[in-house]
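Right, one structure below, let's go through it.
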Amino acid sequence: MADLDAIIIGAGFGGLCAAIKLKEAGFSRLVVLEKADRLGGTWRDNTYPGACCDVPSRLYSYSFALNPGWTRAYSGHAEIRQYMEDVATRFGVKDRFRFNAEVARADWDGTAWTVTLTSGETLTAPVLVSGLGQLNRPSFANIPGRETFTGPLFHSARWRHDVDLAGKTVGCVGAGASAIQYIPEIAKTAGKVIVFQRTPNYIVPRLDKAMSPLRRALYRSVPGLDRAHRWLLWKLMDLRFQAFQQGTKSADSFRKVALDYLESTISDPVLRAKLTPDYPIGCKRVLVSDDYYQAMARPNVELVTEDVAAVTSTGVRTGDGADHACDVLVFGTGFETTDFLAPLQITGENGLTLDEAWKDGAEAYYGVTVAGFPNLFLLYGPNTNLGHNSIILMIEAQVGYMVEALKALRAKGATALKVKPAAQARFNSQLQQDLQSTAWAGSCSSWYKTASGKITNNWSADTATYMKVMRTPEMADYEVA
Ligand code: NAP
């Protein structure tokens, strides 16, 4: 018999939340396996200059661990990671984490999961939780020639802090959510920044500000103030979901806000045209920034919109044959997002692997359970990403759902929870139908969908809808054994 109640993979926001809530529910014999050397997930990996959250910190934190001490409306990566450490200490789960423990595979043997680490060690538990999320494996977008470049070349999620960019010509491939945060920072000291942009993004002002000591003292001392502010932010952001429905007035207004902001910050019509998106707003992530356009207007920043054909020994060659000499290359080319859980080998009932189950695109039941994989719970899994609100809300709803389902299992004296294939199919059929009216189904490429166009990453409604349905697991959709 297994001497663990659960094995959690990944020490990010999902894994930490699962450890706390499982422990509180009495599933306290658990371990969180993390391949890196400390907790933090994306906030450990992304340390690029200017890295901060584009969701307000008051909402990008757990509802059960508010932090009146946030120093900014949108806090930086170091403060967010420290918050996670503090939460782990406060809720007494620090001793459950095992670092430098990389999982290679997990196999269901009919009663329990056996997890094998890359070291060869095995651990067994009836419940397996993936806290890997959607954004943990950097992508270099298959751009050829990278190995020929003679200078430093690195990905935004593996920032080389030992490389001094002052006075250098820095080529930045990609102009997405990460790039718009570090480009303004490096432009302050670099000799020249060349931004290789394939597609322009809609950008709205972030309106970041410091939280004064007085304000922080008020959040600490006035009962309910912090929670009320969080609630208000949640509701206001949830209302924005309407803007992610194609053809709505909200979408038109949202688009106007973004284009007005572009117009008011970029006076050069040629540069403005290059920065103007031509697809429905929300189709790709809408970015928030107070300084990106301002940086793009700097004399030491050049915007190149020709396709990147290859990296050469001296820089970047674009599709028109031009060579752009660079001293350093930074790839802000995003993450491998649609093959969730890879490269882990997960084998469920009857030898079925997750790769086989997901050969036509990942799908799960409410993003959490998968037919053929008993007692496997995914956090921030397929179709649970958002474009309009805080992902922490979704993670908490998923963890709460898992705990309720496990309690129901325990009450029945059963040991295995299996989502019925028909329930999963019904859920996904409705989900894909609902997604067709959203901006994500629009005419753009994004990390939300597979090469064939199936939207595998985003949830189809607002967070209130998701949180409500996740409050009580529909046990009729499960087989228990
Ligand atoms: P991203 O937004 O997906 O941006 C990737 C960039 O690389 C895009 O500009 C993309 O262009 C470009 N690219 C990809 N392949 C290319 C190619 N072959 N040639 C030229 N350009 C290419 O990735 P990211 O910036 O790392 O952000 C990913 C996600 O992480 C975000 O959407 C967000 O959810 C999360 N994130 C969050 C925060 C936060 O503050 N909370 C901050 C950073 C990131 P195309 O647009 O043409 O594909």
Side-chain angles (χ1 to χ4, degrees), residues 12-13 41-43 45-57 59-61 72-77 79-81 133-146 154-159 171-183 185 194-204 206 208 237 274-275 277-279 282-290 292 303-311 316-319 324 329-338 380 384-392 394 440 443-449 451 457-459:
F13 261 101
T42 196
W43 302 105
D45 293 344
N46 287 276
T47 62
Y48 56 76
C52 78
C53 189
D54 60 9
V55 173
S57 298
L59 197 55
Y60 195 87
S61 42
R72 303 198 66 80
Y74 295 82
S75 298
H77 68 93
E79 192 172 350
I80 299 171
R81 210 198 69 78
Q134 301 191 2
L135 299 164
N136 60 74
R137 285 176 311 117
S139 162
F140 283 91
N142 291 325
I143 293 172
R146 298 193 309 278
F154 52 89
H155 191 276
S156 59
R158 302 287 183 270
W159 198 267
C172 295
V173 182
S178 304
I180 65 142
Q181 293 186 343
Y182 58 75
I183 286 168
E185 294 302 317
I194 309 176
V195 179
F196 298 94
Q197 170 201 280
R198 187 167 63 176
T199 317
N201 288 292
Y202 287 100
I203 301 179
V204 293
R206 185 164 57 167
D208 185 24
M237 290 181 75
K274 287 181 173 180
L275 290 167
D278 64 354
Y279 51 84
C283 187
K284 298 164 91 72
R285 188 172 173 90
V286 178
L287 308 183
V288 297
S289 171
D290 293 332
Y292 180 66
L303 178 61
V304 174
T305 55
E306 291 292 335
D307 279 352
V308 171
V311 172
V316 170
R317 181 165 301 151
T318 42
H324 305 264
L329 286 179
V330 181
F331 275 66
T333 37
F335 299 84
E336 308 285 354
T337 56
T338 52
Y380 191 17
T384 62
N385 182 56
L386 303 171
H388 74 291
N389 214 326
S390 171
I391 207 65
I392 309 300
M394 304 294 275
W440 307 305
S443 53
C444 76
S445 72
S446 78
W447 63 260
Y448 304 146
K449 42 197 179 194
N457 291 63
N458 283 12
W459 169 235

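Both counts, for ligands and for their atoms, begin at 1 and track the order of listing. Model, not experiment: these values are computed from the prediction.
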Enter the distance from Asp45:CG to Arg81:CZ here, rounded to the nearest 0.5 Å. 10.5 Å
Which residue supplies the protein heavy atom nearest to atom 5 (C) of ligand 1, what is that atom called, and how far is it? Gly332 O, 3.2 Å
Which residue and heavy atom of the protein sit nearest atom 47 (O) of ligand 1, plus the separation: Thr199 OG1, 2.4 Å
Purely on distance, is any nitrogen or oxygen of Asp54 under 3.5 Å from one on ligand 1? yes
Do Tyr74 and Tyr60 have ring centroids that are under 6.0 Å from one another? no
How far is atom 46 (O) of ligand 1 from its nearest protein heavy atom, and which residue and atom name does that atom have? Lys284 NZ, 2.8 Å
Please work out which of Ala175, Gly174, Ser178 has its closest non-hydrogen atom nearest to atom 25 (O) of ligand 1. Ser178
Relative to ligand 1, is Leu135 under 4.0 angstrom through side chain, backbone, both or neither, heavy atoms considered? side chain
Hey, is Ile143 touching ligand 1 through its side chain, its backbone, both or neither, going by heavy atoms under 4.0 Å? side chain
Would you mind telling me if ligand 1 is within reach of the side chain of Gln197, the backbone, both or neither, using heavy atoms under 4.0 Å? neither
Please work out, at 4.0 Å between heavy atoms, whether the side chain, the backbone, both, or neither of Cys52 comes within that distance of ligand 1. backbone
Among protein heavy atoms, which lies nearest atom 4 (O) of ligand 1, and at what distance? Gly176 CA, 3.5 Å
Minimum-distance protein heavy atom relative to atom 23 (O) of ligand 1: Gly334 CA, 3.2 Å
Check whether any side-chain heavy atom of Val288 lies under 4.5 Å from a side-chain heavy atom of Asp208, and answer yes or no. no
Going from CD1 on Ile194 to CG on Leu303, what distance comes out if it is rounded to the nearest 0.5 angstrom? 11.0 Å
Would you check the N or O atoms of Ser156, main chain and side chain alike, for any that come under 3.5 Å of an N or O of ligand 1? no
Nearest-0.5 Å distance, NE2 of residue His77 to OH of residue Tyr48: 9.0 Å
Closest approach of any protein heavy atom to atom 42 (C) of ligand 1, naming residue and atom: Tyr48 OH, 3.6 Å
Student check: side-chain heavy atoms of Tyr279 and Lys284 closer than 4.5 Å: yes
Any non-hydrogen atom of Phe335 lying under 4.0 Å from ligand 1? yes
Interatomic distance, Asn385 atom CG to Leu135 atom CG [nearest 0.5 angstrom]: 7.0 Å
Around atom 28 (C) of ligand 1, find the nearest protein heavy atom and jot down its residue, atom name and distance. Trp447 NE1, 3.9 Å
Are more than 12 heavy atoms from other residues, nucleotides or ligands located less than 6.0 Å from atom CZ of Arg206? yes
Do the rings of Phe140 and His155 sit parallel, tilted or perpendicular, given the 30° and 60° boundaries? perpendicular
Reported CG-to-CD distance for the pair Asn458 and Gln134, which is rounded to 0.5 angstrom: 7.5 Å
In this structure, OG1 of Thr42 is separated from OH of Tyr380 (nearest 0.5 Å) by 8.5 Å
Who's closest to atom 2 (O) of ligand 1 heavy-atom-wise, of Ser446, Ala177, Gly319, Ser445? Ala177
For ligand 1 and Arg198, I'd like to know whether there is a polar contact (N/O to N/O, distance under 3.5 Å). yes
Measure the distances from the heavy atoms of Cys53 to every atom of ligand 1 and state whether one is below 4.0 angstrom. yes
